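Please read the structure below before turning to the comments.
Everything numeric here is computed off the predicted structure, so don't read it as measured data. Chain identifiers are assigned alphabetically (A, B, ...) following the order of the sequence lines, protein sequences preceding nucleic acid strands; residue numbering begins at 1 within each chain.
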2 protein chains.
Amino acid sequence: MAATLKDVARAAGVSIKTVSNVINDYQHIRADTKQRVVEAISELGYSPNLSARSLRSGKTGVIGLAVPELSLSYFAELADAIIKAAERRGLKVLIEQTSGDRDRELEILSGPRLQMTDGLLFSPLGMSNEDSHHLNVTFPLVLLGERIFGGPTDHVTMSNVESARAATAHLLAKGRRRVAVVGGHRDEVIGSAGLRLRGYQQALEEAGIPFDPALVGYTTLWHRSNGATTMRELLDSGVEFDAVFGLNDTLALGAMRVLQEAGLRIPDDVAVIGFDDLDEGQYSLPTLSTIDPGRAEIADTAVRVLQERISEGDADRPPREIEARFRLVERESSQVAG
Amino acid sequence: MAATLKDVARAAGVSIKTVSNVINDYQHIRADTKQRVVEAISELGYSPNLSARSLRSGKTGVIGLAVPELSLSYFAELADAIIKAAERRGLKVLIEQTSGDRDRELEILSGPRLQMTDGLLFSPLGMSNEDSHHLNVTFPLVLLGERIFGGPTDHVTMSNVESARAATAHLLAKGRRRVAVVGGHRDEVIGSAGLRLRGYQQALEEAGIPFDPALVGYTTLWHRSNGATTMRELLDSGVEFDAVFGLNDTLALGAMRVLQEAGLRIPDDVAVIGFDDLDEGQYSLPTLSTIDPGRAEIADTAVRVLQERISEGDADRPPREIEARFRLVERESSQVAG
DNA sequence: AGGTGAGTGTACAACGTTGTAGGATGGCCG
DNA sequence: CGGCCATCCTACAACGTTGTACACTCACCT
């Protein structure tokens, strides 16, 4: 159906290779030949067959992005940023959802499922640090997220510890002394929860405030409902606190709702800060203070590093670990008058 | 680098076609031959080259999805549902973002940009009904959304008018008589805003309540901030109302925030309903009543119809217009005690 | 006049796969 | 025993593209 090089060549009275040369901007073509070809191309509405091209070149111009779920705002905004970054570099993005399920994640790494792509941006949730050897794959892979460190591949991530420390320090600077945490994962050391909790503890230590385990609310998932439930448990436990650090914005928003239902004023009675800088936090009541983890930078860097690996071939440059710069965003939920 | 049919054939001592036959489950192969081939395949870690396969077959197994932005929750949840639906049918999804910009939308339709795909799910925002002739493209295309009706392609959509009428009727049934609207688009007839506004008017008419133009708050974009701004304008205008219909959830959530800042109680002073059934509405304060437009059904149907068109070839079945079933979701924001 | 080299174009092969046509083997029937 | 069919396998061509090698035409220099 669609026109091919052959059709164009016939129409222009040249060889198919000449048409190919015109398309690929080869230098030495007479102006009139070129014009004849260009006219034939537009007349026939020719556009190159990318399957053939990629068979020939071994490249597809498509990268894969594996995330848990797009319905989680964080990953939707990440995917948005990555698609934009990829587009700037002439790449398309094919998205794969894992549900944060370890088996599905491993399957993506092992299987030939993810073909038609030149490389993969991989944001695991179910896998843990002990799974890092599974990242030894034969295709270019850039790791995202906070589940695995020191793995065999390039890794683009955020400054979890440092920025969590800054978030906590911010609350302490406002005069708060009993900072509750919403969203801890029990016994986790590596992972968003573990790292951010460490930053929290560092900030306490620096301020000379003892760590009180009773202030940490645990949960498994980081959905809004979990933030609400965890906060309700904290309130029920009777522990006293004057500030809350939600380990992500979604948790913080869920927690805020429960605080308000309980008649507590934010930030007057309880100051709140989240983590992620979701769009949503700009429009909540009150607006949510948060950490901007540098999502745009992460997306841009990840795509760039992946593209480098793709074109590099086998040059075994050692894996890089890159941290994006974070930024504290102060909004109403932590702005204490006086 | 990667093993090919040739390598496997050599290792198993058969022709490449036999290997191909094994892979494609051809009937007549002796058991021992088959076993030798299977062993060679797993030994060499062979997996088929999809570029070559798709060059040969003319199919890629990938469909495109063009949406305005994934950072808009509605489209993130739509993309999530579509990826899941596609996976059930063995298809992968390549996502393209248009920013809701008409020029970008037209570019996607005309350009060969979107290659490597067998067809396109297209959710325009910038295009209008007069642009519908641009949908006459040479590849399988299924239209989504409410911008264009009666176009030349299959179209999967929601029952905008009917469900908006139900939403309004719900508020009226709660005894409200002055229902404000947030998010109208001036002079729009076709499009989410225009259609839902028509449903709103139909409900009023059925209830014998005159339409008061002063109750309609207009905006251009449907972001949270627009909901807030529009609601503030309504309040400033001094017009009286006892209920609000947000033409989508995001608008409704933005509006709720302003209502609460103004000291109004929801639902006691003002009942609120939205549209879309975003996850978010389940966790807002109060939780948001809304219309579930049948997103899962839309995703599933759209992928199915597209796949039919892809495999059908040129059978010029007339375009179908399919409406998903909606559902009214009653939550706190419209639950009036007494 | 012959040689050189840059410019312009072509033929052929190859990327890895699968459809088509047909060859080889063996069993069964008349 | 010849013929026929079913089973199993192979050689070849083709999908549309681009790299390689080479052929031809001029100008220009020696």
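- As a whole-Å value, the separation of A:Ile41 CD1 from D:dT17 C1' is 13 Å.
- In this structure, of C:dT17, D:dT18, C:dT18, it is C:dT18 that holds the atom nearest to the side chain of B:Asn24.
- One distance of note links CG of A:Leu72 with CG of A:Leu78; it measures 11.5 Å at 0.5 Å rounding.
- Across all strands shown, A:Ser20 has heavy atoms under 4.0 Å from base atoms, whether or not it also approaches the sugar-phosphate.
- Contact annotation: the side chain of A:Pro124 never approaches that of A:Thr98 to less than 4.5 Å [non-hydrogen atoms, C-beta and beyond].
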message: If you apply the rule side-chain hydrogen bond (donor to acceptor under 3.5 Å, both in side chains), what do you find for B:Thr157 with B:Glu146, and how did you get there?
response: CA-CA 7 Å; B:Thr157 183; B:Glu146 285 71 54; 2.7 Å; yes

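- Judged as a ring pair (Phe, Tyr, Trp, His ring centres under 6.0 Å), not a single pair has a partner in residues 72-100 of chain B (not counting sequence neighbours).
- At whole-Å resolution of the value, CE in A:Met116 and P in C:dT17 are 13 Å apart.
- Among D:dC15, D:dT18, D:dT17, the nucleotide with an atom closest to any side-chain atom of B:Leu55 is D:dC15.
- A salt bridge is defined here as a Lys NZ or Arg NE, NH1 or NH2 lying under 4.0 Å from an Asp or Glu carboxylate O, and B:Asp154 with B:Arg317 fails to meet this definition.
- Side-chain nitrogen and oxygen atoms of A:Arg53 include none within less than 4.0 Å of the OP1 or OP2 phosphate oxygen of D:dG16.
- The stretch residues 55-71 of chain A participates, sequence neighbours left out, in these salt bridge (Lys or Arg N to Asp or Glu O under 4.0 Å) pairs: A:Glu69-B:Lys84.
- Axis angle across the helix from C:dA1-D:dT30 to C:dG30-D:dC1, with five pairs used at each end and values rounded to 10°: 60°.
- A salt bridge links A:Glu308 with A:Arg320; the closest basic N to acidic carboxylate O contact falls under 4.0 Å.
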I'd like a list of close polar pairs between nucleotides 7-11 of chain D and the protein, N/O only, cut-off under 3.5 Å.
{"from": "D:dC9", "atom 1": "OP1", "to": "B:Thr33", "atom 2": "OG1", "distance (Å)": "2.1"}
{"from": "D:dC9", "atom 1": "OP2", "to": "B:Arg30", "atom 2": "N", "distance (Å)": "2.9"}
{"from": "D:dT10", "atom 1": "OP1", "to": "B:Ser15", "atom 2": "N", "distance (Å)": "3.2"}
{"from": "D:dT10", "atom 1": "OP2", "to": "B:Ser15", "atom 2": "N", "distance (Å)": "2.9"}
{"from": "D:dT10", "atom 1": "OP2", "to": "B:Ser15", "atom 2": "OG", "distance (Å)": "2.9"}
{"from": "D:dT10", "atom 1": "OP2", "to": "B:Thr18", "atom 2": "OG1", "distance (Å)": "2.3"}

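- For residues 9-21 of chain A, the pairs satisfying salt bridge (Lys or Arg N to Asp or Glu O under 4.0 Å) are A:Asp7-A:Arg10, with sequence neighbours left out.
- Atoms NZ (B:Lys59) and P (C:dG16) sit 23 Å apart, rounded to a whole Å.
- The distance between atom NZ of B:Lys6 and atom C1' of C:dA13, rounded to the nearest whole Å, is 12 Å.
- The stretch residues 130-140 of chain B participates, sequence neighbours left out, in these side chain to side chain donor-acceptor pair (under 3.5 Å) pairs: B:Arg102-B:Asp131.
- Judged by atom type and distance alone, B:Arg56 reaches the base of C:dT18 through a side-chain donor-acceptor pair under 3.5 Å.
- The CD atom of A:Gln35 sits 15 Å away from the P atom of C:dT8 (whole-angstrom rounding).
- Straight-line distance from the CD1 atom of A:Ile23 to the P atom of D:dG19: 12 Å, rounded to whole Å.
- Taking atom CZ of residue A:Arg10 and atom P of nucleotide C:dT10, one finds them 15 Å apart after rounding to whole Å.
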